Number of protein chains: 2
Amino acid sequence: MSQTYTIRELADAFDVTTRTIRFYEDEGLLSPLRDGQNRIFRSRDRVRLKLILRGKRLGFTLAEIKEIVGMYDAPPGESGQLTLFIEKLRERRAELEDKRRDIDETLAELDALEEQSVARLKELTAK
Amino acid sequence: MSQTYTIRELADAFDVTTRTIRFYEDEGLLSPLRDGQNRIFRSRDRVRLKLILRGKRLGFTLAEIKEIVGMYDAPPGESGQLTLFIEKLRERRAELEDKRRDIDETLAELDALEEQSVARLKELTAK
DNA sequence: ACTTACGTTAACGTAAACGTAAATCAGCGC
DNA sequence: GCGCTGATTTACGTTTACGTTAACGTAAGT
């Protein structure tokens with residue numbers, strides 16, 4: 001147990017460059033351990049990287065991702081902070097639901113286009 | 001009918017700057033008519049702008065958006081081109097479905113976090 | 001006539017997210 | 001000890017998507 005990874009292993013696993021991973025560290029999105037000056041990534045870091053890349057695919061900036069990723073490892077203990085935390089969670093959820101609406105609309109339109117096109121193609125090839 | 005809009009009307013309607021709209025024109029994403037040197041946007045342009053901004057929210061680059069938006073106004077007439085067109089539509093749909101999966105996963109995780117947090121908060125305030 | 005509010009082109013600036021090149025260092029196999 | 005591989009840091013370059021500034025024209029309201 002307690003798997004660790006080198007920078008190259010993670011880079012290959014997620015198809016990013018080592019430069020990118022170091023950049024994420026510089027930006028405070030990852031914080032691997034060190035063996036001398038070599039980085040040692042734990043599964044915690046691996047999970048984080050996965051979250052980061054997913055966030056990117058969804059069009060979030062690294063700053064936004066930093067906030068989101070931060071939520072995964074620090075549910076606050078104090079009541080007031082916890083309430084704020086829950087508020088933030090709900091905001092994030094609302095954003096994602098907006099994006100999902102955007103996607104669903106686009107999908108519906110693409111489907112309509114495809115249907116028309118397939119019908120038109122049938123007409124053409126029927127002759 | 002045959003509504004038209006000024007650059008300012010569109011800018012206000014979609015909360016972008018006029019600079020942005022001109023930039024999109026430079027990039028070939030919009031092609032308004034002219035009255036002298038003033039731009040005249042038709043509802044076609046309005047629709048396109050809406051599509052562009054939706055694409056941006058989803059994290060597509062302007063180059064990708066250009067391709068996508070182009071699909072809305074040019075279902076090709078020739079059979080071979082039409083087949084290729086349908087292929088492209090399906091690729092785009094697959095991309096969007098991938099994004100939706102990303103969103104759904106994230107939503108599920110946020111929901112779990114929220115549930116935990118709410119429970120924890122209940123504990124805290126019960127005392 | 002004056003203001004304001006909009007329009008124009010052109011050029012330059014900027015933030016984000018890395019890429020790339022250069023130089024160095026550390027461990028392994030022989 | 002030598003060369004290879006893969007790690008490191010440092011630093012400058014690049015692309016995308018605009019913003020900003022300059023410098024000006026035009027048209028409507030008062």
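The structure displayed is predicted, hence computed values, not measured ones. Below, chains carry the letters A, B, ... as their sequence lines are ordered, and counting in each starts from 1.
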Length of the line joining [X]:[atom1] and [N]:[atom2], which is rounded to integer Å:
| X | N | atom1 | atom2 | answer |
| --- | --- | --- | --- | --- |
| D26(B) | dA11(C) | CG | P | 13 Å |
| I7(B) | dT26(D) | CD1 | C1' | 16 Å |
| E64(B) | dT15(D) | CD | P | 17 Å |
| E9(B) | dA5(C) | CD | P | 17 Å |
| I52(A) | dA16(C) | CD1 | P | 16 Å |
| I21(A) | dC18(C) | CD1 | C1' | 13 Å |
| R22(B) | dT9(C) | CZ | C1' | 10 Å |

Item to check | Six-ring centre of F60(A), K66(A) cation under 6.0 angstrom, axis tolerance 45° | outcome: no
Item to check | Those residues of residues 28-51 of chain A lying under 4.0 Å from DNA chain C by at least one heavy atom | outcome: none
Item to check | Phosphate-side-chain proximity, R8(B) and dA5(C), N/O vs OP1/OP2 below 4.0 Å | outcome: no
Between [X] and [Y] (salt bridge meaning N to carboxylate O under 4.0 Å), is one present in this structure?
| X | Y | result |
| --- | --- | --- |
| E95(B) | R92(B) | yes |
| R19(A) | E25(A) | no |
| R90(A) | E114(B) | yes |
| D26(A) | R22(A) | no |
| D98(A) | R101(A) | yes |

Item to check | Side-chain donor-acceptor contact under 3.5 Å, T106(A) with R54(B) | outcome: yes
Checklist entry - Say you draw a straight line from CZ of R8(A) to CD1 of I21(A); how long is it, rounded to the nearest 0.5 Å? => result 8.0 Å
So which protein nitrogen or oxygen atoms get under 3.5 Å of nucleotides 16-19 of chain D's nitrogens or oxygens?
unit_1, atom_1, unit_2, atom_2, d
dA17(D), OP1, L62(B), N, 2.8
dA17(D), OP2, L62(B), N, 3.4
dA17(D), O3', K56(B), NZ, 3.2
dC18(D), OP1, K56(B), NZ, 3.4
dC18(D), OP2, Y24(B), OH, 2.7
dC18(D), OP2, K56(B), NZ, 2.9
dG19(D), OP2, T17(B), OG1, 2.6
dG19(D), OP2, T20(B), OG1, 2.8
dG19(D), N7, R19(B), NE, 3.3
dG19(D), O6, R19(B), NH2, 3.3

Checklist entry - If we only count heavy atoms from C-beta on, is the E109(B) to Y72(A) side-chain gap below 4.5 Å? => result yes
